[in-house]
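A short worksheet on the structure shown next.
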Amino acid sequence: VKVKIPFGNKYLDAVFSVPEKKSTYGVILTHGAGGDMNFPHLVSLAAYLASHGILCLRFTCKGLNIVHRSKAFKAVVEYLKHSDDHKLSGVFLAGRSMGSRAAASVIRHLSREDDDDFVQGLVCLSYPLHRPKLQSKLRDEDLLFIRCPVLFVSGSADEMCEKQLLEGVASKMKAPKKIHWIDKANHGMAVKGRTMDDVMEEINAQVFSWLRENIAWEQK
C-alpha cells in the first residue's frame, strides 16, 4: 500500500507491507546513502516480516545530510504513531547503512524527550561505524546513549565496520544488544560463492527471530 507521509512542506514516499492478520507491532525501514526504499534488501525484508505477521513501513528520504535524514525518520515515526489505519502498540526502527545511523539518532533524541514506549528497539543493517580506512573516527555517539534493545547485522568483511571495533562499541553500550555477523560479507552484504537471495534469507530470519524475542507478544 503506497502512502505519502507529510514532512515539512513536502511528502515522503512510503510503502506499507501489511500482514494478513492485524499486527500490533511494526517495523519502520529505510535505505542507505544511495538508492531508495525499493533497494532489494529492504523489499525482501519487508515482504518477509509481513508474511510472518509484522507490519513493515519502508520509506525513501534522499540526501546525505544525517540531520535531515533523522528528521525525516522522526516524521515517519510520528505518522505511524498517530495512524488510524494501523493502531500499533510499538515499533522497531530499522535502517541500512546511513539509514541505521538516522534511526539511532532518532531513538537517542526520543529517549531524551522521555517519550512513551512506542519505539521498542533498533535494527542496524550494515551500520557504517567508520569511513573506509578511517577507523580512528567512530560514529558511535548515538549508540552509547540508547537504552532499548539493538540488533546489528553486519558483514565480517565490511570495510565500514571493522569487526573488533563494533564489538568494542557494543561492549560499552548500555542497551541490550546482539551482533549477527554475515561471514565474509562486505558492506553491501555480497559474499563470494553465495547468492544474494541466500544471504537475504539469513538476514531476514535473524531480524525476525530477534524481533520475536523482543516483542512482548501481547497477542497471547
Side-chain angles (χ1 to χ4, degrees), residues 1-2 13-20 23 25-62 64 69 73 92-104 121-133 135 139 149-167 169-170 177-215:
V1 183
K2 288 184 178 175
D13 288 316
V15 173
F16 275 108
S17 300
V18 185
E20 284 177 16
S23 172
Y25 285 89
V27 170
I28 301 175
L29 187 55
T30 195
H31 54 90
D36 57 22
M37 67 181 172
N38 297 317
F39 190 72
H41 296 188
L42 305 193
V43 175
S44 171
L45 178 58
Y48 187 93
L49 293 178
S51 71
H52 287 75
I54 297 177
L55 179 84
C56 191
L57 173 59
R58 62 182 205 277
F59 73 94
T60 294
C61 176
K62 299 278 191 178
L64 296 176
R69 292 285 302 265
F73 212 129
F92 291 80
L93 306 192
R96 189 192 167 292
S97 193
M98 188 183 187
S100 62
R101 278 186 73 200
L122 170 66
V123 178
C124 297
L125 307 175
S126 296
Y127 188 85
L129 187 60
H130 52 79
R131 291 199 170 116
K133 300 192 175 66
Q135 286 89 334
R139 298 157 169 163
V150 182
L151 171 68
F152 295 96
V153 180
S154 283
S156 67
D158 186 338
E159 60 282 12
M160 296 180 74
C161 186
E162 200 174 283
K163 200 171 174 205
Q164 282 175 314
L165 292 177
L166 183 62
E167 285 172 347
V169 169
K177 67 276 173 183
K178 179 182 178 186
I179 305 176
H180 179 76
W181 294 105
I182 305 288
D183 193 40
K184 299 188 181 69
N186 65 10
H187 190 64
M189 292 295 185
V191 182
K192 272 186 187 150
R194 287 181 73 182
T195 65
M196 191 39 87
D197 285 349
D198 181 43
V199 175
M200 282 314 303
E201 268 179 39
E202 180 181 343
I203 293 171
N204 295 347
Q206 281 295 325
V207 172
F208 176 67
S209 69
W210 179 86
L211 287 169
R212 205 170 48 181
E213 283 165 24
N214 283 281
I215 286 173

Positive for side chain to side chain contact (heavy atoms under 4.5 Å, CB included) with Arg139, one of His130, Met98, Arg101: Arg101
Any chance NZ of Lys184 has more than 12 other-residue heavy atoms, nucleotides or ligands included, within less than 6.0 Å? no
Nearest heavy-atom neighbours spanning Ser97 and Pro128: O-CD, 3.2 Å
Minimum-distance pair of heavy atoms, taken over all atoms of Ser51 and Tyr48: OG-O, 2.8 Å
Kindly indicate whether the side chain of Pro19, heavy atoms from C-beta on, has any atom under 4.5 Å from the side chain of Ile54. no
Side chain to side chain, Leu211 and Leu49, heavy atoms closer than 4.5 Å: yes
Pairs in or reaching into residues 28-39: which pass side-chain hydrogen bond (donor to acceptor under 3.5 Å, both in side chains), with residues at least two apart or in two chains? Asn38-Arg58
Considering all heavy atoms of both residues, which atom of Ser100 and which atom of Tyr127 are nearest to each other, and what is their separation? OG-CD1, 3.2 Å
Kindly indicate whether the side chain of Tyr25, heavy atoms from C-beta on, has any atom under 4.5 Å from the side chain of Asn214. no
Flag the pair Pro149 / Trp210 as yes when at least one side-chain heavy-atom distance between them is below 4.5 Å, and no otherwise. yes
Please check: side-chain N/O of Lys62 versus main-chain N/O of Ala33, any donor-acceptor pairing under 3.5 Å? no
Considering all heavy atoms of both residues, which atom of Ser126 and which atom of Arg96 are nearest to each other, and what is their separation? OG-NH2, 4.4 Å
Asn186 and Glu159, any side-chain heavy atoms less than 4.5 Å apart: yes
Do Val27 and Leu45 have side chains that get closer than 4.5 Å, going by heavy atoms? no
Measure up the Phe59 and Phe73 rings against each other and bin them: parallel (under 30°), tilted (30 to 60°), perpendicular (over 60°). perpendicular
Side-chain heavy atoms of Glu202 within contact of Arg194, under 4.5 Å: yes
If we only count heavy atoms from C-beta on, is the Ile179 to Trp181 side-chain gap below 4.5 Å? yes
